[in-house]
Structures are given as C-alpha cells and as structure tokens.
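These notes are about the structure you will find just below.
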Amino acid sequence: MKKSIRQYLAQIFLLVPMALLTSCRVGVMTHTRTLSDQGYIEIICTDSHNPVSVFVDKDTTFEAKVTNEHKRNVKGQKYTVAPGKRHLVVKDEDGKVLYDRTVMIYAQQSKIIRINK
C-alpha cells in the first residue's frame with residue numbers, strides 16, 4: 001500500500017508542474033500580416049474640405065476623405081496605392097485641380113498629399 005501511495009504522489013508531483021508550465025504563456029503574442037506590395041497616400045488640408053476625387057495614373061479613380069491638419073498629429077484616412085512612380089491628380093467637387101504631380105510611392109510607407117483651398 002505504501003508503494004502505491006508513493007507512486008500516486010510521484011505522479012501528482014510530476015504531472016501538476018508539467019500541466020502548469022504548458023498551460024501558461026508569457027507575454028502577449030500577436031501576429032500581424034501586411035502586404036509588402038502596397039503603399040499608402042493620405043490627403044491633408046489646412047482648412048476644412050469636402051471629399052475630393054483622386055486620379056492615379058489616369059486609370060484609377062476614387063473619392064477620398066480629406067483630413068483637417070492640426071498642430072497635433074492626427075492620423076487620417078489612408079488609401080492603398082501600388083508602389084512605384086505614380087501620377088496623382090486631386091480634384092474638388094467642382095472639377096478644380098488641387099494637386100497634380102508625379103510622386104514616388106514606396107512599399108509600406110505613407111505619402112502625405114497636402115492640398116490648399
């Protein structure tokens with residue numbers, strides 16, 4: 001009987017620490033996955049502005065929300081664009097050209113487009 005109690009206690013002393021060590025995790029583990037072939041543009045204006053139309057290389061058009069620039073750093077809406085040399089044209093709702101330049105968009109980086117009213 002003593003031998004079975006010893007065996008029982010030995011099993012408990014071996015299994016309990018193993019269960020405790022395998023069930024806990026140290027720290028917070030997160031996995032992020034981003035696409036490496038994307039660049040970003042953000043449109044900023046010093047004054048409040050209505051949404052604008054953005055033309056990328058004359059073949060892609062989308063409507064973008066304009067972020068109001070403040071002294072404090074406020075993150076605005078970012079739009080994905082294929083990296084490389086891109087011709088960007090930004091027009092307001094009346095068709096007036098606010099920005100017309102060829103820019104280099106790098107992968108995983110944001111390009112800030114500043115427009116003035």
Side-chain angles (χ1 to χ4, degrees):
M1 189 110 176
K2 276 186 168 183
K3 195 171 190 182
S4 65
I5 291 176
R6 280 187 183 170
Q7 287 177 348
Y8 179 70
L9 289 175
Q11 287 176 353
I12 289 176
F13 285 123
L14 287 175
L15 293 176
V16 169
M18 274 204 282
L20 291 174
L21 289 174
T22 58
S23 66
C24 66
R25 281 187 155 174
V26 177
V28 177
M29 301 179 84
T30 59
H31 297 281
T32 57
R33 186 175 156 211
T34 59
L35 298 175
S36 61
D37 59 344
Q38 288 184 346
Y40 304 95
I41 61 170
E42 182 178 355
I43 300 171
I44 294 177
C45 184
T46 54
D47 300 326
S48 61
H49 205 286
N50 292 333
V52 294
S53 297
V54 179
F55 299 88
V56 181
D57 294 334
K58 297 182 182 179
D59 59 353
T60 304
T61 305
F62 60 91
E63 189 171 297
K65 188 176 173 183
V66 179
T67 304
N68 193 5
E69 187 175 30
H70 295 289
K71 288 184 180 178
R72 57 183 157 72
N73 188 9
V74 177
K75 301 263 181 188
Q77 180 71 36
K78 291 184 180 178
Y79 300 94
T80 58
V81 177
K85 195 174 185 180
R86 302 280 172 237
H87 184 76
L88 296 177
V89 178
V90 178
K91 295 182 180 181
D92 64 1
E93 63 273 357
D94 297 329
K96 180 182 172 188
V97 175
L98 303 172
Y99 187 89
D100 185 4
R101 291 191 184 143
T102 301
V103 295
M104 187 67 184
I105 306 288
Y106 295 101
Q108 297 288 323
Q109 291 185 358
S110 295
K111 181 76 173 176
I112 296 175
I113 307 298
R114 284 189 170 83
I115 59 174
N116 295 321
K117 228 175 178 180

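- The nearest pair of heavy atoms linking Ile105 to Gly39 is CG2-CA, 3.7 Å.
- Atom CD1 of residue Ile41 and atom CD of residue Gln77 lie 10.5 Å apart, to the nearest 0.5 angstrom.
- With hydrophobic clusters built from ILVMFWY side chains whose heavy atoms lie under 4.5 angstrom apart, Phe62 shares a cluster with Leu98.
- Here the CD1-CD1 distance, from Ile44 to Ile112, works out to 4.5 Å after rounding to the nearest 0.5 Å.
- Under the side-chain contact (heavy atoms from CB on, under 4.5 Å) criterion, Thr61 pairs with Phe55, not counting sequence neighbours.
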Let me check something: any side-chain donor-acceptor pairs from residues 79-92 under 3.5 Å, sequence neighbours excluded? List them with distances.
unit_1: Tyr79; atom_1: OH; unit_2: Lys65; atom_2: N; d: 2.7
unit_1: Arg86; atom_1: NE; unit_2: Ala82; atom_2: O; d: 3.0
unit_1: Arg86; atom_1: NH1; unit_2: Asp57; atom_2: OD2; d: 3.0
unit_1: Arg86; atom_1: NH2; unit_2: Pro83; atom_2: O; d: 3.0
unit_1: His87; atom_1: ND1; unit_2: Thr102; atom_2: OG1; d: 3.0
unit_1: His87; atom_1: NE2; unit_2: Asp100; atom_2: OD1; d: 2.8
unit_1: Asp92; atom_1: OD1; unit_2: Asp94; atom_2: N; d: 3.2
unit_1: Asp92; atom_1: OD1; unit_2: Gly95; atom_2: N; d: 3.1
unit_1: Asp92; atom_1: OD1; unit_2: Lys96; atom_2: N; d: 2.8

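- Put simply, CD on Gln38 and NZ on Lys78 are 12.5 Å apart, with the number rounded to the nearest 0.5 Å.
- With sequence neighbours excluded, no residue forms a ring-ring contact (aromatic ring centres under 6.0 Å, His included) with Tyr106.
- Separation of atoms CG (Asp37) and CD (Gln108) is listed at 8.5 Å; rounding is to 0.5 Å.
- For the atom pair OG of Ser4 and CG of Leu9, the computed distance is 9.5 Å after rounding to the nearest 0.5 Å.
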